[in-house]
Peer 1: 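Okay, here's the structure, questions in a sec.
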Amino acid sequence: MSSEGSRLRAAFMGTPAFAADILEELSHHVEVVCAFTQPDRVRGRGKKLEPSPVKVKAEELGIPVLCVSSFKESGSVEELASFAPDVICVAAFGALLPKAVLDIPPLGCLNVHASILPRWRGAAPIERAILAGDAEAGVCIMRMEEGLDTGDHCIMRRIPISGMSAPQVTEELASLGASALVTALGQIRDGQAHWTKQDEDAVTYAEKIGKHELDLDPETSATECERRVRASSDAHPSKCKIGKRGVTVLSARVVDDERLASEVASSVAASIDGHLILGCADGALEICSLKPDGKRGMDAQEFIRGYQALEDGVSWGSA
């Protein structure tokens, strides 16, 4: 893949920032002939239609970009075939590929999947790994089939994720996934790829994160609340109410000081020695940074200074 004449022709499919990072690295090693992504949508807190990160990146790189929600759309399969790709590379595209698409490239379709397969097949592998308390996350280069993340993989790479947030894990796995994909393409081109079948007895599924699923709840443990905060993102924030104030919790940690934890009862938020502590069903959670509704993000100390009632404690609960 070093000389222009030997470069593989790759079609790319992806949507979020995770995929955009992979697309950029891939473009340095193969000829990316087109990029398919989900249509412009209202993203984040704005009310305007915004392009996906992959669309933005493809346009920056001068790669033809096509927006489709699925390959059921009329003419989409034929349009993809017209680019005559040697291989199709997929990273968080947001739609399953039908057999008609899988059959197009002679070297097959590869998926950069952000999990240690067969653990966490599906839509939200990083968030589910954090919520389950997994010590590791990873990325697999998988040969795509008609099933959901069921194919054999040729490369698997792992990272420890203790204490890491979903955005941090996503960024690291995007980098690992990009390099793994480039390596896999070289192996496949040279006929040297070794494929590993997934153990069907070890399968777990990573369902999409539901609305309000990551909100904090005083009836759960401090450990569970901390995991929800780490699994959160702009798309799925961790919210709660402290007194009558709605807040998004940006970072938090489980209180390991038994004396400090014992001073705050369940469902009570209080300022203790300059720390913002939420009493949970089992233990206590320290809020390190947060964003009050309608305001900018701030550290806990700034929030405490503006909320004097915390000195005596206030109730807290779900948003």
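These numbers come from a predicted model, not from an experiment. In what follows, every heavy atom counts, from backbone to side chain, and hydrogens, waters and symmetry copies are set aside.
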Peer 1: Are any of the side-chain nitrogens in Asp293 or Arg245 under 4.0 Å away from the carboxylate oxygens of its partner?
Peer 2: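 A salt bridge is absent here (no side-chain N lies under 4.0 Å from a carboxylate O).
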Peer 1: Would a hydrophobic clustering, with Ile, Leu, Val, Met, Phe, Trp and Tyr connected at side-chain separations under 4.5 Å, put Leu173 with Ile130?
Peer 2: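 Leu173 clusters together with Ile130.
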Peer 1: Does any donor atom in the side chain of Arg230 or Gln168 lie under 3.5 Å from an acceptor atom in the other side chain?
Peer 2: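 No - no donor-acceptor pair under 3.5 Å links their side chains.
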Peer 1: Any donor-acceptor pair under 3.5 Å linking the side chain of Lys55 with the backbone of Glu59?
Peer 2: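 Not confirmed, Lys55 side chain does not pair with Glu59 backbone.
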Peer 1: Could you tell me which non-hydrogen atom of Gly297 sits nearest to which non-hydrogen atom of Leu250, and how far apart they are?
Peer 2: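 The pair with the smallest heavy-atom distance is CA-CD1, 4.3 Å.
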Peer 1: Of Thr170, Val54, Leu23, which is the lone residue that meets side chain to side chain contact (heavy atoms under 4.5 Å, CB included) with Phe18?
Peer 2: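 Only match with Phe18 under side chain to side chain contact (heavy atoms under 4.5 Å, CB included): Thr170.
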Peer 1: Any side-chain donor-acceptor pair under 3.5 Å between Ser179 and Arg157?
Peer 2: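 Result is yes, a qualifying pair exists.
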Peer 1: Is Leu8 close to Glu31 at the side-chain level, that is, under 4.5 Å between some pair of heavy atoms?
Peer 2: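 No; the side chains remain at least 4.5 Å from each other.
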Peer 1: Cut-off 3.5 Å, side chains only: do Ser69 and Glu73 have a donor facing an acceptor?
Peer 2: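 Note: Ser69 and Glu73 side chains meet the donor-acceptor criterion.
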Peer 1: Answer whether the closest heavy-atom distance between the side chains of Glu226 and Leu285 falls below 4.5 Å.
Peer 2: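 Heavy-atom side-chain distance check passes, below 4.5 Å.
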Peer 1: Check whether any side-chain heavy atom of Asp149 sits under 4.5 Å from a side-chain heavy atom of Tyr205, and report yes or no.
Peer 2: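 A side-chain contact is absent here, since even the closest heavy-atom pair is not under 4.5 Å.
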Peer 1: Using 4.0 Å as the upper bound for N to carboxylate O, is an ion pair formed by Lys208 and Glu127?
Peer 2: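 No, this pair does not count.
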Peer 1: To the nearest 0.5 Å, tell me how far Cys34 SG sits from Leu66 CG.
Peer 2: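 So the gap between those two atoms works out to 6.5 Å.
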Peer 1: Does any N or O in the side chain of Gln187 come within less than 3.5 Å of the main-chain N or O of Ala184, such that one atom is a donor and the other an acceptor?
Peer 2: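 No.
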Peer 1: Is the shortest side-chain N to carboxylate O distance from Asp134 to Arg119 below 4.0 Å?
Peer 2: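 Arg119 and Asp134: salt-bridged.
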Peer 1: Which distance, rounded to the nearest 0.5 Å, do you find between the CZ of Arg305 and the CD of Gln301?
Peer 2: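 The CD atom of Gln301 is 7.5 Å from CZ of Arg305, to the nearest 0.5 Å.
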Peer 1: Taking Leu97 as the starting point, is it possible to reach Leu117 by hopping between hydrophobic residues whose side chains are less than 4.5 Å apart?
Peer 2: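 The answer is yes; both residues are in one hydrophobic cluster.
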Peer 1: Looking at Phe83, is Arg9 sitting on its ring face, NZ or CZ under 6.0 Å from the six-membered ring centre and within 45 degrees of the normal?
Peer 2: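 Checked: cation-pi criterion not met.
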Peer 1: Assess the side chains of Thr15 and Ser52: does a donor N or O sit below 3.5 Å from an acceptor N or O?
Peer 2: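 Checked: Thr15/Ser52 side chains show no N/O donor-acceptor pair below 3.5 Å.
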Peer 1: Same cluster for Val77 and Val65 if Ile/Leu/Val/Met/Phe/Trp/Tyr side chains link at under 4.5 Å?
Peer 2: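 Each belongs to a different hydrophobic cluster.
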Peer 1: Any side-chain donor paired with an acceptor under 3.5 Å for Thr248 and Lys239?
Peer 2: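 Side chains of Thr248 and Lys239: pair found under 3.5 Å.
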Peer 1: State whether the number of non-hydrogen atoms from other residues, nucleotides or ligands found under 6.0 Å of Glu219 atom CD is greater than 12.
Peer 2: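 Not buried by this count: 12 neighbours or fewer within 6.0 Å.
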Peer 1: Keeping the roles fixed (side chain from His236, backbone from Ala231), state whether a donor-acceptor pair exists under 3.5 Å.
Peer 2: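 Absent.
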Peer 1: Run the numbers on Arg158 and Ile116 for side-chain contact (heavy atoms from CB on, under 4.5 Å), then give the verdict.
Peer 2: CA-CA 7 Å; Arg158 305 167 182 256; Ile116 303 171; 3.6 Å; yes
Peer 1: Write down the atom of Ser271, the atom of Ile304, and the distance for their closest heavy-atom approach.
Peer 2: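 Smallest heavy-atom distance, with atoms named: OG-CG2, 3.5 Å.
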Peer 1: I'd like to check Cys89 versus Met13 (side-chain heavy atoms, cut-off strictly below 4.5 Å). Are they in contact?
Peer 2: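 In short, these two side chains do not touch, never coming nearer than 4.5 Å.
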Peer 1: Can you name the nearest heavy-atom pair linking Pro105 to Asp86, along with the distance?
Peer 2: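 The pair with the smallest heavy-atom distance is CB-O, 3.4 Å.
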Peer 1: State, with a plain yes or no, whether a side-chain heavy atom of Ile209 is found less than 4.5 Å away from one of Leu131.
Peer 2: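 Side-chain contact under 4.5 Å: yes.
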Peer 1: Do Ile88 and Phe71 belong to the same hydrophobic cluster, where Ile, Leu, Val, Met, Phe, Trp and Tyr are linked whenever their side-chain heavy atoms lie under 4.5 Å apart, directly or via other members?
Peer 2: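 Yes; tracing contacts between hydrophobic side chains, which count when under 4.5 Å, links both residues.
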Peer 1: What are the two closest heavy atoms between Cys225 and Leu216, and how far apart are they?
Peer 2: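 What the structure gives for the nearest pair is O-CD2, 3.5 Å.
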Peer 1: Any chance CG of Asp282 has more than 12 other-residue heavy atoms, nucleotides or ligands included, within less than 6.0 Å?
Peer 2: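 Open: at most 12 neighbouring heavy atoms sit under 6.0 Å from CG of Asp282.
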Peer 1: With side chains defined as the heavy atoms from C-beta onward, is the minimum distance between Leu310 and Phe303 less than 4.5 Å?
Peer 2: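 Leu310 vs Phe303: side chains touch.
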Peer 1: Are any side-chain N or O atoms of Ser318 and backbone N or O atoms of Cys240, one a donor and one an acceptor, separated by less than 3.5 Å?
Peer 2: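 Side chain of Ser318 to backbone of Cys240, a donor-acceptor pair under 3.5 Å: no, none is there.
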Peer 1: Do Gln198 and Arg121 have side chains that get closer than 4.5 Å, going by heavy atoms?
Peer 2: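 Of all side-chain heavy-atom pairs linking Arg121 with Gln198, at least one is under 4.5 Å.
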Peer 1: Would one find more than 12 heavy atoms of other residues, nucleotides or ligands at under 6.0 Å from atom CD of Glu258?
Peer 2: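 Check fails, neighbour count at 12 or below.
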Peer 1: To check you understand the geometry: which heavy-atom pair defines the closest contact between Trp316 and Ala269, and what is its length?
Peer 2: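 It is CD1-N, 3.8 Å.
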Peer 1: Ala222 and Val254: which non-hydrogen atoms are nearest, and at how many Å?
Peer 2: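 Heavy atoms only, the tightest pair is O-CG2, 3.7 Å.
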Peer 1: Within the structure provided, determine whether Asp215 and Arg228 are in side-chain contact (heavy-atom separation under 4.5 Å).
Peer 2: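 They are not in contact (no side-chain heavy atoms under 4.5 Å apart), so the answer is no.
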Peer 1: Under a 4.0 Å N-O cut-off, is there an ion pair linking Arg143 with Asp152?
Peer 2: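 Counted as a salt bridge, because a side-chain N and a carboxylate O are separated by less than 4.0 Å.
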Peer 1: Any chance you could lay out the side-chain contact (heavy atoms from CB on, under 4.5 Å) test for Met144 and Val90, step after step, and finish with the verdict?
Peer 2: CA-CA 9 Å; Met144 297 183 73; Val90 181; 3.6 Å; yes
Peer 1: In sequence, state the C-alpha distance, the side-chain angles, and the governing distance for Glu146 and Lys99, and then conclude on salt bridge (charged side-chain N to carboxylate O under 4.0 Å, His left out).
Peer 2: CA-CA 6 Å; Glu146 290 185 77; Lys99 188 175 187 299; 6.0 Å; no
Peer 1: For a quick check under 3.5 Å, do Ser251 and Ser289 share a side-chain donor-acceptor pair by atom type?
Peer 2: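 Looking only at side-chain atoms, Ser289 and Ser251 do form a donor-acceptor pair, the distance falling under 3.5 Å.
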Peer 1: For Lys57, is there an ion pair with Glu24 - N to carboxylate O distance below 4.0 angstrom?
Peer 2: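 Lys57 and Glu24: salt-bridged.
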Peer 1: With rounding to the nearest 0.5 Å, note down the distance linking CZ in Arg227 to OG1 in Thr223.
Peer 2: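 Between atom CZ of Arg227 and atom OG1 of Thr223 there are 6.0 Å.
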Peer 1: For the hydrophobic clusters of this structure (ILVMFWY residues joined by side-chain heavy atoms under 4.5 Å, transitively), does one cluster hold both Ile155 and Val87?
Peer 2: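 Yes, Ile155 connects to Val87 through the hydrophobic network.
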Peer 1: Please confirm whether the backbone N or O of Leu214 pairs with a side-chain atom of Ser238, one donor and one acceptor, at under 3.5 Å?
Peer 2: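 Such a contact is found between Ser238 side chain and Leu214 backbone.
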Peer 1: With a 6.0 Å cut-off (strictly less than), is the heavy-atom count around CD of Glu145, excluding the residue itself, greater than 12?
Peer 2: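 Count over threshold, so yes.
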